[in-house]
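What follows is one structure encoded as structure tokens, with my remarks underneath.
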Amino acid sequence: MDLQHKVFLLLLLLPFHVLLITAQTASQDFTALSSLTQSWKNKPPNWVGSDPCGGNWDGIRCSNSRIIELKLAGLTMEGQLSSAIQSLSELDTIDLSYNTGLTGTIPREIGNLKKLNSLALVGCGLTGPIPDSIGSLKQLTFLALNSNKFNGNIPRSLGNLTNLDWLDLTDNQLEGSIPVSDDQGPGLDMLLNTQHFHLGNNKLNGTIPRKLFSSSMHLKHVLFDSNNLTGGIPSTLALVSTVEVVRFDRNKLSGPVPSNLNDLKDLSELYLSHNGLNGSLPDLTGLNKLTYVDLSYNNFNSSSDIPLWVSSLPELTTVILKVNRLSGTLNLTNSPSKSLQLIDLENNLITDLEPRTDQFSFDLILIDNGICRENGASELTYCKVSQIVPSYATPSSNCLPPPCSDNQIASPNCKCAFPYTGVLESRAFSFSNYSNTSYYKEIEQTLMVSFQEHKMAVDSVSLSNPRRNSSTDNFQLTLNVFPSQSDRFNTTGVLSVAFLLSNQIYKPPEYFIPYIFSGLSYQHFGGESKGSSSSNTGVIVGAVLAVLVFLVLALLAGIYAIRQKRRAKRSGGSNPFANWEQNKNSGTAPQLKGARWFSFEEIRKYTNNFSEANNIGSGGYGKVYQGTLPSGELVAIKRAGKESMQGAVEFKTEIELLSRVHHKNLVSLVGFNFEKGEQMLVYEYIPNGTVMDSLSGNSGILMDWIRRLKVTLGAARGLSYLHELANPPIIHRDIKSSNILLDDHLNAKVADFGLSKLLVDSERGHVTTQVKGTMGYLDPEYYMTQQLTEKSDVYSFGVFMLELATARRPIEHGKYIVREVMRVMDTSKDLYNLQSIIDPTLMKGTSPKGLERFVALAMRCVKEYAAERPTMAEAVKEIENIIALTGENPNGESASNTETYEEAGQGKHPYVTEEFEYSGIFPTTKVEPQ
Ligand SMILES: *[C@@H]1O[C@H](CO)[C@@H](O)[C@H](O)[C@H]1NC(C)=O
Ligand SMILES: *[C@@H]1O[C@H](CO)[C@@H](O)[C@H](O)[C@H]1NC(C)=O
Ligand SMILES: *[C@@H]1O[C@H](CO)[C@@H](O)[C@H](O)[C@H]1NC(C)=O
């Protein structure tokens, strides 16, 4: 290191000392915070210096020089919670929600934070058991650990949290039984002040203890859905007169419903579906606040006719009784209550209806009952209707939405911006009239009021894609929150919006309660605002000094940079790309759009010196590293190995090609490096891994049918762009499930144009090349003739579609999927006779809508003769039609929900592909694809 460098570094250290003189933060808190967050990535950019309290660090609030709040929801932070947290002993509030990169366990030392009032760790990547020591946080009123991967039992010690109001452990992997107090220790029955027991979506077993409920409790929401609970519903539940929402659905409960349930005069929503409950329908007469009842998928029978309460309770909107064994007459002669929107009795044994008419002011569904099997019955509305959720998206408010650049979205006020996005989810939506947009409007309004009340810089909100998640019954809406001050939020903005939603400070209309918000990490941080001004002169002096030092530093850095550049120029003669920047306009200069040149040094810095920890994959061509640009943007850097290095000309061609394609369904190139015997491509980082990982269950992303359709559509649109809109057109040559990535909205993005070929005009039609591609996806015609056309991509795409429908690899146990589907497919049969080959997880419940057409399209894509295959544009159209058939909006956002929180498969990476190269000779041995 020469003298210049030393002086430079010395100066870099200076401002810390200057600020230290006026520090507002108790030193033990600064030390603890530094130690806690030392290895965290993507901390707020204004965490500079050593004075969190005096420096107005984002997400931190202090009182008397001690840190009392750590509110860091919605960033992209990565790291672990260490025991150092215990030293922040004045903490009142912790919220680290929606940082999916926050992993590891909760340290038991958290129990030393005796003043903690609110602990929110929603939607992180935390694992391990919930430590017993949480039971010693006696001041706790709000505890939200939902949507992580906690396992083990619910600690008994939670019973000691006598001030607790909100307990949310939903959506983890907790097992064992629900603890109640006994001679072994405390239990949840002691939580007399708690209003919320949210324990759904775990693996809890055993019975619901009788002892859990008593008349001294204040429970409002009792949510135990989607567990493995057995036995009967305890009659003690009826003692808790404050209960408003009960969800015991999706368990293994059996026996009759206790007859005293109609003591629960405040009960508004009752979900008991998907159990083994039996006996006659419970008597809910007198429950005058009841709005929504779902008793479907049980073994209820009726000794006589359907009881009257089904239509007459004054607030009742929805009664779902489908798939039971209810018989007799449905009597609707006493004019049903005005509030009624839906009675669903599908698949029962109803034989008669009084009065026999089609004219009701609500939806009645009697499909699959005796009454609908009578002659001519199939024409009656109640034998035909089936419920779908119509699409909705907040309309623009009297303005014309402008066209927005790539990733920006137009707000309802017609401003292009990067919104903060997530899923707003009701755990007990009490309506079924989904086409009444007043519900959505009211949510939009109340959200805006809440943001305004809390003085947040929000321009507007939009809701879209209403949907009922069939595996949880939760009602979901995609929420976009648009910034008002510029086209993006700063850190403070995101933190405050996320906190308002993660901590239940926003209160939606009654019918949406209880709700949960699942935020996505915000990737678009822009210019940081300065911390708010403070009257403390010490701080001002510190700030002025810091600014002065900064100016001096900037000046020095400028001089330093110029010198470095000069030096670089002197030694840069051998670089064939050296003249790229200078003669942009000359005919021979490569045409780059958007992509930029990174120096080796820069990339080395971004990847921690190509550390093992940053290595996220490797393959025939070399290695892939994750890197972080100074802007905080994550990138994936593909570094070619010695053997796979291309000639400078080819490399240049590839970069030109990659930098030319910009489409929301294509992974974009951020930049490249070519020097010192290196060839590197810098891509945007796509967080949710490959479709292959998701299909094989490695990523934890739930690939339900709708999502598969949307992924197919995205990939098709990306390819169609390459074929039809890129100029010159591009043939991808290696379409496969491991080359289709999922972004944080679970949109499909086509990756890896490494094998792509430009179709230069003179060759329009086809190019003759050495055969490249991946076994199992390869177009046989191309194989034999070596003539490459767009239709070769169409073939591979067809194989990809079959993979999605079957969740099988193209070649598995020596069997080729195209041939297997051809073998069993029979279009004259139900579901085209595909039951044996379709992914069994798609076949749970009703069979996926449009599946036949989907497979038929795939089979057209894999036709032997290229001419018989559709173009990608035609495929896009057909997929859009199929999606419309399911009632979804093909142009809507990809459905995303809490499942996306599960981390993408460890150690696997999108860019890892292994190509097989052939030289025109058929391989004689079978090669299993990777
Ligand atoms: C549910 O409990 C049964 C035994 O009652 C057990 O066999 C099964 O594996 C459990 N399922 C889950 C998902 O824990
Ligand atoms: C209800 O189911 C239980 C078993 O879960 C059975 O013992 C009982 O006889 C059933 N009762 C009726 C009325 O079907
Ligand atoms: C639609 O919902 C609103 C708001 O909840 C309600 O006041 C209104 O009566 C509903 N309209 C219809 C036609 O159901």
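What you see below is based on every heavy atom in this structure, not just the backbone, and it leaves out hydrogens, waters and symmetry mates. As the structure lists them, so they are numbered: ligands from 1, and atoms in each ligand from 1. Numbering of residues begins at 1 and proceeds along the displayed sequence.
I208 places a side-chain heavy atom less than 4.5 Å from the side chain of F213.
Of all atoms in ligand 3, numbered sequentially from 1 with element shown, those under 4.0 Å from a heavy atom of S438 are 1 (C), 2 (O), 3 (C), 4 (C). The N433 neighbourhood of ligand 3 comprises atoms 14 (O), with distances under 4.0 Å to a heavy atom of that residue. Below 4.0 Å from some heavy atom of Y439 lie the following atoms of ligand 3, by number and element: 2 (O), 5 (O).
Closest of all the heavy-atom pairs between N275 and D249 is ND2-CA, 3.7 Å.
An N or O contact shorter than 3.5 Å links N436 to ligand 3 by distance.
Judged purely by distance below 3.5 Å, without hydrogens or angles, the side chains of K265 and N288 never pair a donor atom with an acceptor atom. A donor atom on one side chain and an acceptor atom on the other are found under 3.5 Å apart for T478 and R467.
You'll find the ring centres of Y434 and Y439 outside the 6.0 Å limit. The aromatic ring centres of Y515 and Y506 sit less than 6.0 Å apart. A ring-centre distance under 6.0 Å is not found for Y292 and Y511.
At a heavy-atom cutoff of 4.0 Å, ligand 2 is surrounded by S254, N278.
When heavy-atom distances to ligand 3 are checked against a 4.0 Å cut-off, E442 comes that close only through its side chain, counted from C-beta outward.
Comment: R427 does not engage D225 in a salt bridge, judged by the lack of any side-chain N to carboxylate O separation of less than 4.0 angstrom.
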